[in-house]
K.L.:
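Please find one structure pasted underneath; my questions will follow.
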2 protein chains.
Amino acid sequence: MKVTIKDIAKAVGVNVSTVSRALNGKPGVSDELRGKITQIADQMGYSPDMTATGLKKGKTKIIGVLIPDIANPFFAQIVRGMEKVFRPVGYHLLLCSTDEDPEHEEENLKTLLRQRVEGILAAPVDSGGNKVFYTRVLENGIPLVFFDRIVPDIETSYVITDNEAGIRELVEYLHKNGHESLGVITLRSRSFTGRVRLNGTLKVCKELGITIKDGWILDGKSGQEGAYEAARRLFSFEERPTALLVQNNLMMLGVMKAMKDLRLKVPDDISVVCFDDSYWNQIFDPPITCVAQEPEQMGLVAATLLLDKIMHNGKNSKTILKAHFIERESVAKI
Amino acid sequence: MKVTIKDIAKAVGVNVSTVSRALNGKPGVSDELRGKITQIADQMGYSPDMTATGLKKGKTKIIGVLIPDIANPFFAQIVRGMEKVFRPVGYHLLLCSTDEDPEHEEENLKTLLRQRVEGILAAPVDSGGNKVFYTRVLENGIPLVFFDRIVPDIETSYVITDNEAGIRELVEYLHKNGHESLGVITLRSRSFTGRVRLNGTLKVCKELGITIKDGWILDGKSGQEGAYEAARRLFSFEERPTALLVQNNLMMLGVMKAMKDLRLKVPDDISVVCFDDSYWNQIFDPPITCVAQEPEQMGLVAATLLLDKIMHNGKNSKTILKAHFIERESVAKI
DNA sequence: TGGGGTTTCGCAAACGAATGCGTTTCACGT
DNA sequence: ACGTGAAACGCATTCGTTTGCGAAACCCCA
């Protein structure tokens, strides 16, 4: 059924080692014989068994990718960037979704180790508890690059965006336009990114004297539904901030939905800004002012860093991407 | 560095075969010894080498997934559905993007064969030329399931949505609301889905007596930019249809962008309906009437079909998913 | 024609885990 | 004390491929 190197050897009448050398372009086999072998090989439909090759060479040509959720366009675009780097060099991506569940994360890391991936690209689960397993990855000598988030105390390459700076731009922009009160729809509170963005928000608001009343910080749970609920709650208060900061792309959808349901208009009833710029931000009515991360770029950089580690044993390198401020029409001048 | 079954054997003082049996829960090992072995094994940080196991058993626990573009939310959600099926049974997904390029497709299929994946889930490239390689996949005894699209003449399981029925619902709805002229932003003309949806559109229009003038069928090239250009071209004509049918989700973005730039209002200036329902359709102003596919469901079904083939040697099975009509507010009554 | 050097190729040993089969151990029944 | 059967374990082989080493064949030039 499956044609192996041995079958070819038999067919051509040479030894398997010769076939191997011929097919791998190694010296020590005459051009004539090499031609004959390659010809017969693909005539027989031979395709090398990577499980055998991997066993022998210790190279599987597989990269493990750990992400929270592939259905989130942000991460999907990151993965796309990674593919652009790895496909040309013959590597492929083994995809693992964690769903922000540390158990899934642990389980996935284990299988990645088992599969003998040549490297791991990971956006660690936000609670950040799996330090043990990431160190085990490094102990096993498997190159590791974090993206979007990091695990404190794990010494390896990473690429993240400058969340504080992004937040700062948003808040300062609001302040410049006369806003002195702010509501926030936050990510899940335990999350790394969530903490960073929230702390950044609070810090800048304090600096600028922007007031955030109790109850104006609402847990959007990182997703569309959570943000919808949070936004409805916020809009039910009698006293509202003049501006709203939504901390990621998916939650922006929930907020818009809530406003639509409540027939609230941006920016007349409230101004809105948002972290991330997914497909929809520029199409909304009005288009949403935001800071844009560059997910594809992030994937590209992370992949390049990892590839460098794999091929040239590259040193650790920490990249911090800038978030680009995009002014649109969702903020009122006061 | 890497601890193997042999190291454990040495450490415990038994034979490798005993370790193997103990770790795999096979009979022939005393409970006492088994306990000792497992304990020492994970104390030494042992993790089985799947390249070796795979070679021996011919099972890699890897599924190959072939998709056009992971950054398209439609496909990302499909993949998510697949994961839900495969993760619980210990399989993982090897992701390959084709970018609708037959060469990439061919290349990817080859690597999937090399990697000895246990099954392949594929949304074939639309031009549909790679019949040869898919038959080779089947010849090698690798279970194959198509989703979203099929390759004619390849006899295997698939799951697609009923494009004709979906199109029919959209067009009939327009007709019911008094529309008698229609513009179409089409997918790339060579694509399977593109042909099916366009032919369906033409057929139903003919039935209902809806006129589509020359030039009202515009190639949106399946993507946002292409649709933007196409829409602008359409709106530059002096004579316009009263309604516009956009043939997929991404193109809807381009169309909306074009309308925003031209300050055209839906549905006052033109009515719009669309195939697919991504995140944004319900948030637009006005929300877009459409037929929704269920990508996650599609992934789920495809994965289940494949798993059945892998585990129980299941027979071929063809599933056709219904597209659900969702009435919103983007169509004017005339 | 012969010696030295270079190709060209075959042989066999790995790689890590799984397993059929053969061997040992041990407990129990007589 | 001996025999019996089952349970526990070891040995050696297997998977498909790569690779170091050695043997043979070839070439060039004296």
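Every chain is numbered from 1 and lettered A, B, ... according to where its sequence line falls, protein lines coming before strand lines.
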K.L.:
Distance check: side-chain N/O of A:N15 vs OP1/OP2 of C:dC11, anything under 4.0 Å?
P.N.:
yes
K.L.:
Rounded to the nearest angstrom, tell me the gap between atom NZ in A:K59 and atom C1' in C:dC15.
P.N.:
15 Å
K.L.:
For the helix from C:dT1-D:dA30 to C:dT30-D:dA1, measure the angle between the helix axis at one end and the axis at the other, each built from five pairs, rounding to 10°.
P.N.:
50°
K.L.:
If I take atom CG in residue B:L55 and atom C1' in nucleotide D:dT13, what distance separates them, rounded to the nearest angstrom?
P.N.:
13 Å
K.L.:
Grab the NZ-C1' distance between B:K56 and C:dT19 for me, whole Å please.
P.N.:
6 Å
K.L.:
Stepwise, does the side chain to side chain donor-acceptor pair (under 3.5 Å) test hold for B:S17 with B:R21?
P.N.:
CA-CA 6 Å; B:S17 60; B:R21 274 187 277 263; 3.3 Å; yes
K.L.:
Within this structure, what is the CD-to-C1' distance between A:E32 and C:dT7, rounded to whole angstrom?
P.N.:
14 Å
K.L.:
From C-beta outward on B:S17, which listed nucleotide comes closest to its side chain: C:dT19, D:dC15, D:dT18?
P.N.:
C:dT19
K.L.:
Nearest of C:dA18, C:dC9, D:dT17 to any side-chain atom of B:T53?
P.N.:
C:dA18
K.L.:
Between C:dA17, C:dC9, D:dC9, which nucleotide gets closest to the side-chain atoms of B:V29?
P.N.:
D:dC9
K.L.:
Of the nucleotides C:dT8, D:dT17, D:dC9, which one has an atom closest to the side chain of A:I5?
P.N.:
D:dT17
K.L.:
Nearest to the side chain of A:D49, heavy atoms from C-beta on, is which of D:dC15, D:dT17, C:dT8?
P.N.:
D:dT17
K.L.:
Would you check if there is a donor-acceptor pair between the side chains of A:T51 and A:D49 at a distance under 3.5 Å?
P.N.:
yes
K.L.:
Could you tell me how far apart A:L23 (CG) and D:dG16 (P) are, to the nearest whole angstrom?
P.N.:
16 Å
K.L.:
Could you tell me whether the side chains of A:K309 and A:T156 share a donor-acceptor contact shorter than 3.5 Å?
P.N.:
yes
K.L.:
Please state how far atom CG in B:N140 lies from atom P in D:dG16, giving the value in whole angstrom units.
P.N.:
13 Å
K.L.:
Would you say a side-chain N or O of B:K26 is under 4.0 Å from OP1 or OP2 of C:dT19?
P.N.:
yes
K.L.:
Would you say A:S20 places a side-chain N or O within less than 4.0 Å of OP1 or OP2 belonging to D:dT18?
P.N.:
yes
K.L.:
Rounded to whole angstroms, how far apart are CG on A:D31 and P on D:dC26?
P.N.:
17 Å
K.L.:
Choosing from C:dA17, C:dG20, D:dT17, which nucleotide comes nearest the side chain of B:R21?
P.N.:
C:dG20
K.L.:
From CG of A:N24 over to P of D:dT17, roughly how many Å is that when rounded to an integer?
P.N.:
10 Å
